[in-house]
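Below is one structure, written out as structure tokens; comments come after it.
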Amino acid sequence: MQLISRMPAAVKVQWILWLVVFLMMFFSMLPEDGFWQAVIFSLLNALFYALVIYGNISWLYPRLYLKGRIAVYVIAVLLFLPAAGLARGFLLSWIYNTWFTTHPEPITMQIMLRYLTGIPLLFLLSFVFRMAIVYFELKAQAAALVLQNTKTELNLLKSQVQPHFLFNTLNNIYYEAYLEAPRTATLIERLSDIMRYFVDESPKDQVDISTEINFLENYIALERIRIRHGINLQFTSDVPGGCSIPPMLLMTFVENIFKHGIDKTSLQNHIDISLVKQENRLLFTTLNSLPQQPVHNNPRGSGIDNLRKRLTLLYGAGFILQTGNSGNYFTAFLSVPL
């Protein structure tokens, strides 16, 4: 029963339909032919009907007709239908002569024609069958889409409630901390701004460059507190207002610096970050000293590869992304159109 309940509606309807067809033939044959003959002949007839219908709607029609090979489709149908009808006639006649009669009947052309007469009607019914299947599949897809939309709306409401609760709590903590530890309060404020960026800005297609810069500055400020000896960091930006870029586009370079390019035991960590507009392009450059002992085997991580894939989707071949080692420094350069 669990297997049946998990079946799609279109599959359930087909099984029910074939069961009805089998039972109708079985009860119509039972009074004259007996139980076993009625069972075998009803089952074989149903299988041949299914062969004709599914052979057309699942193989011939989609592989030939829908691909524009109409002439080949017509020829295939003219060969397939008589072959299926003759095969059905020979098989049923042989079973009848072998098991269910003491006086075998010769297989004549008249008998074969009798088996062939219903095949064209089955062929036409196959299209009705296909439309019914498509209808139930579309109906199931629509129901699934409505369910998914409902879940999405519910999750959206939850996601809106939880961040606002967290933002309000952070604000309360900020005011408490401001009285006792202003520096801690400032860090709390930066963390709140970062989280607000993730919730409000990151889902957008474009964000103002000033918003992206503010996000990077907040992230850098929070990363600084994790480094014991501090760092020599220069972040210069010369981009006029009104420019927009996809959100989180510049984050990968900065994140990689703190993940793979910082030696927490060193006093000589050096980072240069530059963001400028040149003509109609945005140029973003980072340079950081390499640690004596790499944090990971791959100092770049997988973030650059993922960024390259994203840039390809956004700009096609219209971007420049270069990374590499230069002496004791790792450099990264990105150029994108504005």
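We number each residue from 1, following the sequence as shown.
Between Lys204 and Thr211 the shortest side-chain heavy-atom distance does not fall below 4.5 Å. With contacts defined as side-chain heavy-atom distances shorter than 4.5 Å, the pair Leu334/Thr252 does not qualify. For the pair Gln37 and Tyr96, the minimum side-chain heavy-atom distance is below 4.5 Å.
Pairs engaging residues 22-44 under the ring-ring contact (aromatic ring centres under 6.0 Å, His included) rule: Phe26-Phe35 [sequence neighbours left out]. Evaluation of the side chain to side chain donor-acceptor pair (under 3.5 Å) test over residues 62-80, restricted to residues two or more places apart or in two chains, returns Asn56-Tyr73.
Residues Leu287 and Met251 are members of separate hydrophobic clusters, defined by side-chain heavy-atom contacts under 4.5 angstrom among Ile, Leu, Val, Met, Phe, Trp and Tyr. Linking Ile, Leu, Val, Met, Phe, Trp and Tyr residues whenever their side-chain heavy atoms come within less than 4.5 Å places Leu216 and Leu321 in a single cluster. Phe90 and Leu79 fall into different hydrophobic clusters, where Ile, Leu, Val, Met, Phe, Trp and Tyr are joined by side-chain heavy atoms under 4.5 Å apart, directly or via other members. When hydrophobic clusters are built by joining Ile, Leu, Val, Met, Phe, Trp and Tyr residues whose side-chain heavy atoms come closer than 4.5 Å, directly or via intermediates, Leu19 is grouped together with Leu30. Leu47 and Val39 fall within the same hydrophobic cluster, where Ile, Leu, Val, Met, Phe, Trp and Tyr residues are linked whenever their side-chain heavy atoms come under 4.5 Å apart, directly or through other members.
A distance of 12.5 Å separates OH of Tyr49 from CG of Leu17, quoted to the nearest 0.5 Å. Going from atom CZ of Phe253 over to atom CG of Asn256 covers 8.5 Å, rounded to the nearest 0.5 Å. Expressed to the nearest 0.5 Å, how far CG of Asn325 lies from OG1 of Thr331 amounts to 7.5 Å. Distance check: Ile57 CD1 to Met131 CE gives 10.5 Å after rounding to the nearest 0.5 Å. Going from atom CD1 of Ile53 over to atom CZ of Phe127 covers 11.0 Å, rounded to the nearest 0.5 Å. Atom CG of Asp208 is separated from atom CD1 of Ile213 by 8.5 Å, given to the nearest 0.5 angstrom.
Within 6.0 Å of CG in Asn232 there are more than 12 heavy atoms belonging to other residues, nucleotides or ligands. No more than 12 heavy-atom neighbours from other residues, nucleotides or ligands sit within 6.0 angstrom of CD on Gln278.
For the side-chain contact (heavy atoms from CB on, under 4.5 Å) test, residues two or more places apart in sequence or in another chain that qualify with Tyr315 are Pro246, Leu249, Leu311, Phe319, Val336, Pro337. Scored by the side-chain contact (heavy atoms from CB on, under 4.5 Å) test, Leu338 finds Cys243, Ile245, Lys277, Leu282 as partners (sequence neighbours excluded). Scanning for salt bridge (charged side-chain N to carboxylate O under 4.0 Å, His left out) contacts around Glu217 gives an empty result, with sequence neighbours left out.
At distances below 3.5 Å, at least one donor-acceptor pair connects side-chain atoms of Ser28 with backbone N or O atoms of Met25. Between the side chain of Asn214 and the backbone N or O of Ser210, no donor-acceptor pair lies under 3.5 Å.
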Test side chain to side chain contact (heavy atoms under 4.5 Å, CB included) applied to Met248 and Phe215, step by step: CA-CA 9 Å; Met248 302 290 292; Phe215 168 71; 3.7 Å; yes
Working note: Ile95 + Leu91, criterion side chain to side chain contact (heavy atoms under 4.5 Å, CB included); need CA distance, chi angles, decisive distance, verdict. CA-CA 6 Å; Ile95 291 175; Leu91 179 61; 4.0 Å; yes
Yes or no on side chain to side chain contact (heavy atoms under 4.5 Å, CB included) for Val77 and Leu60, after CA distance, side-chain angles and deciding distance? CA-CA 8 Å; Val77 168; Leu60 294 178; 4.2 Å; yes
Give the intermediate values and the outcome of side chain to side chain contact (heavy atoms under 4.5 Å, CB included) for residues Arg88 and Leu44. CA-CA 8 Å; Arg88 173 189 172 213; Leu44 289 177; over 6 Å; no
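Here the closest non-hydrogen pair linking Glu212 and Pro247 is OE1-CA, 3.8 Å. Of all the heavy atoms in Arg281 and Ser335, the pair that sits closest is NE-OG, 2.7 Å. When all heavy atoms of Leu78 and Pro82 are compared, the closest pair comes out as O-CD, 2.9 Å. The minimum heavy-atom distance between Ser289 and Asn269, with the atom names listed, is OG-CA, 3.6 Å. When all heavy atoms are compared, the tightest approach of Ala84 to Val52 is CB-CG2, 4.0 Å.
Applying side-chain contact (heavy atoms from CB on, under 4.5 Å) to Thr286 and the options Ile257, Leu250, Ile271, Leu275 leaves one that passes, Ile257.
With a 4.5 Å cut-off between side-chain heavy atoms of Ile, Leu, Val, Met, Phe, Trp and Tyr, the cluster of Phe333 takes in Val276, Leu283, Ile320.
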